Amino acid sequence: MLTKMKKNVISNAALCQLACSNNLVGYIRSEAFNPKTWIVPGVGYDICDRSLRKLKSKRIADSVEALIGAYLSTAGEQAAYIFLKSLGMDIEFHKMPIERVITIKAEEFINVKSLELLLDYSFNDPSLLMEALTHGSYQIAGTTPCYQRLEFLGDAVLDHIFTDYFYHQYPECTPELLTDLRSASVNNSCYAHAAVKAGLHKHVLHSSSALHKRMADYLDKFEQSFSGPSHGWEAGISLPKVLGDVVESIAGAIYIDAKHDKGVVWRSMKRILEPLVTPDTLQNDPVKELQEFCDSKGYTLEYTVTRDNGVSSVVAEVRTEGTTYKATRTGFSKLDAKKLAASSVLRDLKAADTKQYSANGISCT
């Protein structure tokens, strides 16, 4: 329900409607830039274009998002909040939650000291930490709710923190590269890998034999040390989603406990997510890369998805002028299986391309 409410407020359709209701559309410049006719906006004339124009709703929504970014980067969150309120968005800024009634001792259920040492943060309300680690299957009278509400909050907090970090850390990066850097860092597989690497999986409170078996089977099968970076599409792939959710819920717990101080959240979560991705270490998403490869060559790409007994099977098929490349991969999620299948086909296509170049006497690097 919270996710649905959030989408209704910040969807492209909602932002476009806000822009139209506040006559912002006339200020959007959509024509080709001409330096000969350009004038400093707002100097000596009305810059609002009241002529009839056709603009895609996404472009209008993007402009609203850009304005929000301008307020955030130059004047801070309070100014961005006032701007959103002025547009008519029904929101409240950092409204403190109702004081929690603590009826349990978290120390009786989780190792609070060990977790605080790991996170380098001491909780004023340890029950928040316990809630962040409580799976929906763990139902004991008098304990905290499951982690899902904190996960909802932490997901948004981490997304904002990483966006802000990459935006300021790499001012020379294009928007597309910034998006790729964030996508490589803000995803469930990355968080799940970081969770296992930090040992958080040992602290999750659950009563699910299926979850226990899946975690045990994965760790036994892959026998990974989990000492490498957690960013990228391969890190943590096929790990149980709950492990990535827990990282988000812990971020949400710290955010509330620290009275909405995102700097505190960043210092704690950065410890378990490092090393962070850089433009030099960025690993391309195979699904996106395969699509771009096929588009550039004029190849036909199709995916076929089936699901049986909780396991997704994806067939990636690429048809070239004379050859068909196909790979079938499985995973607990459709996205995991799709990435594995795309990676396999992409590897075969690149090998064939290299072989073709070599046969024609062309150096390929």
Side-chain angles (χ1 to χ4, degrees), residues 2-3 5-12 14-19 21-25 27-29 40-42 47 59-98 119-121 124 128 149-183 185-186 247-271 273-274 276-278:
L2 288 175
T3 301
M5 291 168 64
K6 175 186 172 184
K7 287 182 177 179
N8 288 341
V9 172
I10 64 172
S11 67
N12 281 342
L15 295 179
C16 177
Q17 183 60 48
L18 285 176
S21 300
N22 288 274
N23 299 318
L24 292 179
V25 179
Y27 295 92
I28 299 175
R29 302 272 68 84
V40 178
I47 63 173
R59 176 173 291 184
I60 298 173
D62 288 347
S63 296
V64 175
E65 291 174 339
L67 283 170
I68 296 170
Y71 275 95
L72 279 172
S73 62
T74 59
E77 288 187 4
Q78 184 69 46
Y81 160 73
I82 293 173
F83 167 65
L84 290 172
K85 291 282 284 186
S86 72
L87 293 181
M89 187 176 286
D90 186 18
I91 57 172
E92 294 298 332
F93 182 72
H94 280 189
K95 185 176 181 181
M96 295 297 293
I98 299 173
L119 298 168
D120 192 26
Y121 179 77
N124 298 302
L128 280 166
R149 282 178 60 87
L150 289 176
E151 174 207 348
F152 167 81
L153 178 63
D155 174 39
V157 172
L158 286 173
D159 189 68
H160 174 72
I161 290 174
F162 268 106
T163 300
D164 185 71
Y165 169 76
F166 288 128
Y167 178 82
H168 290 97
Q169 184 71 14
Y170 303 108
E172 76 286 355
C173 282
T174 63
E176 182 181 18
L177 182 53
L178 288 174
T179 300
D180 288 343
L181 288 169
R182 182 178 61 186
S183 297
S185 306
V186 182
V247 170
E248 294 173 335
S249 61
I250 289 176
I254 296 175
Y255 181 70
I256 292 178
D257 195 70
K259 294 182 172 52
H260 307 133
D261 189 333
K262 288 188 291 294
V264 174
V265 180
W266 179 237
R267 285 192 295 272
S268 292
M269 303 312 296
K270 186 180 177 183
R271 289 168 58 86
L273 294 171
E274 288 181 321
L276 304 180
V277 67
T278 69

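Please read all numbers here as calculations on a predicted model, not as lab measurements.
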Test your reading of the model: is there a side-chain donor-acceptor pair from Ser183 to the backbone of Asp180, 3.5 Å cut-off? no
Does Met269 reach the side chain of Ile161, with side-chain heavy atoms less than 4.5 Å apart? no
Minimum heavy-atom distance between Ile254 and Val264, given as atom pair plus value: CG2-CG1, 4.0 Å
What one should report as the nearest heavy-atom pair of Ala258 and Tyr121 is N-OH, 3.4 Å
Quick one: do Leu177 and Tyr170 satisfy side chain to side chain contact (heavy atoms under 4.5 Å, CB included)? Show the steps, please. CA-CA 10 Å; Leu177 182 53; Tyr170 303 108; over 6 Å; no
If every non-hydrogen atom of Ser268 is compared with every non-hydrogen atom of Asp120, which pair is closest and at what distance? OG-O, 4.2 Å
By side-chain hydrogen bond (donor to acceptor under 3.5 Å, both in side chains), Arg267 pairs with (sequence neighbours left out) none
Using 0.5 Å steps for rounding, measure from the CG atom of Leu72 to the CD atom of Glu65. 11.5 Å
Name all residues meeting the salt bridge (Lys or Arg N to Asp or Glu O under 4.0 Å) criterion together with Asp62; count only those two or more places apart in sequence or in a different chain, and write none if there are none. Lys58
Carefully, step by step, assess Glu77 and His260 under the rule side chain to side chain contact (heavy atoms under 4.5 Å, CB included). CA-CA 12 Å; Glu77 288 187 4; His260 307 133; over 6 Å; no
Would a distance-only check, ignoring hydrogens and angles, find a side-chain to backbone donor-acceptor pair under 3.5 Å from Ser249 to Leu150? no
Other residues, nucleotides, ligands: >12 heavy atoms within 6.0 Å of Asp90 CG: no
Side chain of Asp155, backbone of Glu248: donor and acceptor closer than 3.5 Å? no
Are any side-chain N or O atoms of Ser73 and backbone N or O atoms of Ala70, one a donor and one an acceptor, separated by less than 3.5 Å? yes
Over all heavy atoms of both residues, which pair between Val9 and Ala14 is shortest? Give the atoms and the distance, please. O-CB, 3.5 Å
Parallel, tilted or perpendicular: rings of Tyr165 and Trp266 (30°, 60°): tilted
Nearest heavy-atom approach of Leu18 to Gly88 is CD2-C, 4.3 Å
Quick one: OG on Ser185 to CG on Leu276, what's the gap to the nearest 0.5 Å? 6.5 Å
Contacts of Lys7 meeting salt bridge (Lys or Arg N to Asp or Glu O under 4.0 Å) (sequence neighbours excluded), chain-then-number -> none
Distance check, rounded to the nearest 0.5 Å: Asn8 atom CG versus Met5 atom CE? 8.5 Å
Taking atom OH of Tyr167 as the centre, report whether more than 12 heavy atoms of other residues, nucleotides or ligands fall under 6.0 Å from it. no
Quick check: are there more than 12 heavy atoms from other residues, nucleotides or ligands sitting under 6.0 Å from CZ of Arg59? no
Is there a side chain to side chain contact (heavy atoms under 4.5 Å, CB included) between Tyr71 and Ile82? Walk through the geometry before answering. CA-CA 10 Å; Tyr71 275 95; Ile82 293 173; over 6 Å; no
Could you report the tightest heavy-atom contact between Phe166 and Leu178, atom names first, then the distance? O-CD2, 3.4 Å
List the residues meeting side-chain hydrogen bond (donor to acceptor under 3.5 Å, both in side chains) with Asn12, not counting sequence neighbours, and say none if there are none. none
Look only at the side chain of Lys262 and the backbone of Tyr255, and say whether a donor-acceptor pair between them is shorter than 3.5 Å. no
Taking atom CZ of Arg29 as the centre, report whether more than 12 heavy atoms of other residues, nucleotides or ligands fall under 6.0 Å from it. yes
Could I get the full list of side-chain contact (heavy atoms from CB on, under 4.5 Å) partners for Asp159, not counting sequence neighbours? Thr163, Arg182, Val186
Nearest-0.5 Å distance, SG of residue Cys16 to CD1 of residue Ile60: 4.0 Å
So, taking the atom named CG in Asp257 and the one named CD1 in Ile250, what distance separates them when rounded to the nearest 0.5 Å? 12.5 Å
Rounded to the nearest 0.5 Å, what's the gap from CE on Met89 to OH on Tyr81? Could you check? 12.0 Å
Can you name the residues that form a salt bridge (Lys or Arg N to Asp or Glu O under 4.0 Å) with Glu172, not counting sequence neighbours? none
